[in-house]
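Here, residue 1 is the first one in the sequence, and each next residue gets the next number.
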Amino acid sequence: MWRRPSCKNFLSPVSQPALVVAQAYVNYDLFRQGEVVKKGKIFVISAASGSGKTTLVRGLLKECKNLVVSKSYTTRALRANEKNRRDYIFVSGKVFAAARKKKAFLEWAKVFGNYYGTPADFVEKKLKIGKSVVLVIDVQGAAKVKKAAPGAVLIFIMPPSLRELENRLRKRKSDRSAQIKLRLKTARAEIAQAKRYDYIVINDNLSRAQRQLKEIVDSECGTEG
Ligand code: 5GP
């Protein structure tokens with residue numbers, strides 16, 4: 001596991017209204033009726049497709065009871081093994097555009113030709129009640145969240161190698177050959193952005209990567225689980 005030495009947790013002014021909401025709830029301990037109420041944190045997890053992030057995030061959620069994962073909106077078509085509202089909230093381009101216009105997204109991005117967005121109200125509500133929220137989003141989204149909420153913790157899951165990543169994508173059989181090529185090309189660009197993250201976890205051994213992710217969450221939250 002690699003930790004960026006200059007990682008700081010502080011707040012700075014932002015201009016976008018939807019993002020102010022998230023910033024306001026990051027990293028604060030508030031006093032309510034004489035008692036300290038610990039506010040939740042935002043954890044952003046990014047990885048190239050096929051890096052094993054879904055398995056790792058599932059494991060992390062089982063171990064850390066105070067963590068919840070945000071379900072993104074997407075205009076991408078549902079895959080055979082996916083369920084609406086379990087994996088994503090699948091919507092039409094029209095519905096996505098209307099939500100964007102209403103500033104309903106904490107961040108949004110176009111990835112592989114489809115739109116993806118993080119619902120701001122979900123994140124806001126969870127942080128407010130002291131839950132920490134995991135956003136499994138791409139490098140563009142991660143940069144937007146960090147800019148708006150510098151207290152957010154950015155974690156990049158690195159595949160052991162590009163060859164291994166290609167093997168995993170081919171085994172998955174959920175994408176056509178052209179899509180796999182595009183995902184590998186994007187993976188190279190995403191890996192180049194990993195240096196901007198607070199932590200890099202190399203997923204060459206699932207149980208070690210799982211343990212390291214839990215250690216990051218525990219140390220950033222100053223808690224166990
Ligand atoms: P997939 O279609 O393979 O599930 O996801 C494609 C990419 O979109 C992944 O890198 C995933 O992390 C990213 N993604 C999923 N949801 C969001 C989101 O709400 N915002 C952004 N920026 N990226 C997302």
Side-chain angles (χ1 to χ4, degrees), residues 18-19 21-23 25-27 38-76 78-79 81-91 96 99 104-109 111-112 114-146 148-149 151-158 172 174 190 197-201 203 206-207 209-221 223-225:
L19 298 172
V21 170
Q23 183 199 25
Y25 294 110
V26 176
N27 228 3
K38 188 126 179 111
K39 289 290 170 192
K41 270 202 174 203
I42 295 178
F43 289 92
V44 173
I45 298 185
S46 301
S49 310
S51 303
K53 67 174 183 280
T54 310
T55 311
L56 285 170
V57 170
R58 229 175 256 151
L60 185 68
L61 290 169
K62 258 193 213 156
E63 288 193 49
C64 303
K65 298 296 172 217
N66 200 42
L67 271 190
V68 289
V69 69
S70 158
K71 241 156 245 162
S72 297
Y73 281 67
T74 184
T75 60
R76 162 164 83 59
L78 200 90
R79 291 184 188 131
N81 57 343
E82 289 178 327
K83 256 194 183 162
N84 188 23
R85 300 203 157 260
R86 185 195 64 191
D87 300 288
Y88 283 106
I89 299 163
F90 293 90
V91 294
F96 193 95
F105 297 127
L106 176 59
E107 63 72 39
W108 64 270
V111 191
F112 305 125
N114 298 302
Y115 290 97
Y116 296 82
T118 302
D121 62 342
F122 175 86
V123 177
E124 176 199 343
K125 277 184 195 148
K126 295 299 174 187
L127 293 173
K128 234 179 182 171
I129 58 165
K131 294 273 183 194
S132 288
V133 186
V134 179
L135 312 180
V136 187
I137 62 178
D138 84 323
V139 292
Q140 306 169 71
K144 289 178 195 167
V145 171
K146 190 69 170 179
V153 179
L154 268 49
I155 306 167
F156 193 89
I157 312 280
M158 191 72 89
R172 211 159 76 163
S174 59
E190 286 173 333
Y197 282 63
D198 299 312
Y199 297 91
I200 296 174
V201 172
N203 189 13
L206 186 64
S207 50
Q210 194 75 77
R211 199 181 58 244
Q212 290 179 340
L213 259 187
K214 167 101 166 55
E215 278 169 18
I216 294 168
V217 170
D218 285 345
S219 72
E220 290 288 342
C221 291
T223 53
E224 272 283 306

**Study point:** Positive for side chain to side chain contact (heavy atoms under 4.5 Å, CB included) with Val44, one of Asp138, Ile137, Val134, Val153
**Key:** Ile137
Review point. Say you draw a straight line from CG of Leu154 to CD1 of Ile45; how long is it, rounded to the nearest 0.5 Å?
Key: 10.0 Å
Revision key, fill the gap. Val91 and Tyr73 have their tightest heavy-atom pair at CG1-CD2, 3.8 Å
Check your understanding: Is there a side-chain contact between Leu206 and Leu56, using heavy atoms and a 4.5 Å cut-off?
Key -> yes
Review point. Can you list the steps and then say if Leu106 with Leu135 is a side-chain contact (heavy atoms from CB on, under 4.5 Å)?
Key: CA-CA 10 Å; Leu106 176 59; Leu135 312 180; 4.1 Å; yes
Practice item. Quick one: closest heavy-atom pair of Glu63 and Gln210, and the distance? Key: OE2-CG, 3.9 Å
Check your understanding: Atom OG in Ser70, atom CZ in Phe122: separation rounded to 0.5 Å?
Key -> 5.5 Å
Review point. Hey, is the main chain of Ala209 close enough, under 3.5 Å, to the side chain of Asn203 for a donor-acceptor pair?
Key: no
Check your understanding: Does the Lys144 side chain pair with the main chain of Trp108, one donor and one acceptor, at a distance under 3.5 Å?
Key -> yes
Point to revise | Interatomic spacing from NZ in Lys53 to CG in Leu213 - rounded to 0.5 Å | key: 13.0 Å
Point to revise | ring pair (Phe, Tyr, Trp, His ring centres under 6.0 Å) partners for Phe96, two or more places apart | key: Phe105, Tyr115
Review point. Of all heavy-atom pairs between Asn114 and Thr74, which one has the smallest distance, and what is that distance?
Key: CB-OG1, 4.5 Å
Review point. Tell me, do Ser51 and Phe156 make a side-chain contact under 4.5 Å, heavy atoms counted?
Key: no
Review point. With a 4.5 Å heavy-atom cut-off, do Thr118 and Val145 have their side chains touching?
Key: no
Review point. Would you say Lys146 and Tyr197 make side-chain contact, with heavy atoms under 4.5 Å?
Key: no
Exercise for review: Hey, could you give me the CE/OG distance between Met158 and Ser46, rounded to the nearest 0.5 Å?
Suggested key: 11.5 Å
Exercise for review: Kindly say whether Leu60 contributes a backbone atom to a donor-acceptor pair with the side chain of Lys214 at under 3.5 angstrom?
Suggested key: no
Exercise for review: Please examine the side chains of Lys128 and Glu124, heavy atoms only from C-beta on, and report whether any two atoms are closer than 4.5 Å.
Suggested key: yes
Review point. Do we see a donor-acceptor contact under 3.5 Å between the side chains of Glu220 and Tyr199?
Key: yes
Check your understanding: Hey, is CZ on Arg86 packed in by over 12 heavy atoms from elsewhere, all under 6.0 Å?
Key -> yes
**Study point:** Ser132 versus Cys221, closest heavy-atom pair with distance
**Key:** OG-SG, 3.8 Å
Point to revise | From CD1 (Ile216) to CG (Asp198), nearest 0.5 Å | key: 9.5 Å
Check your understanding: Rounded to the nearest 0.5 Å, what separation is found between the CD atom of Glu82 and the CZ atom of Phe90?
Key -> 4.0 Å
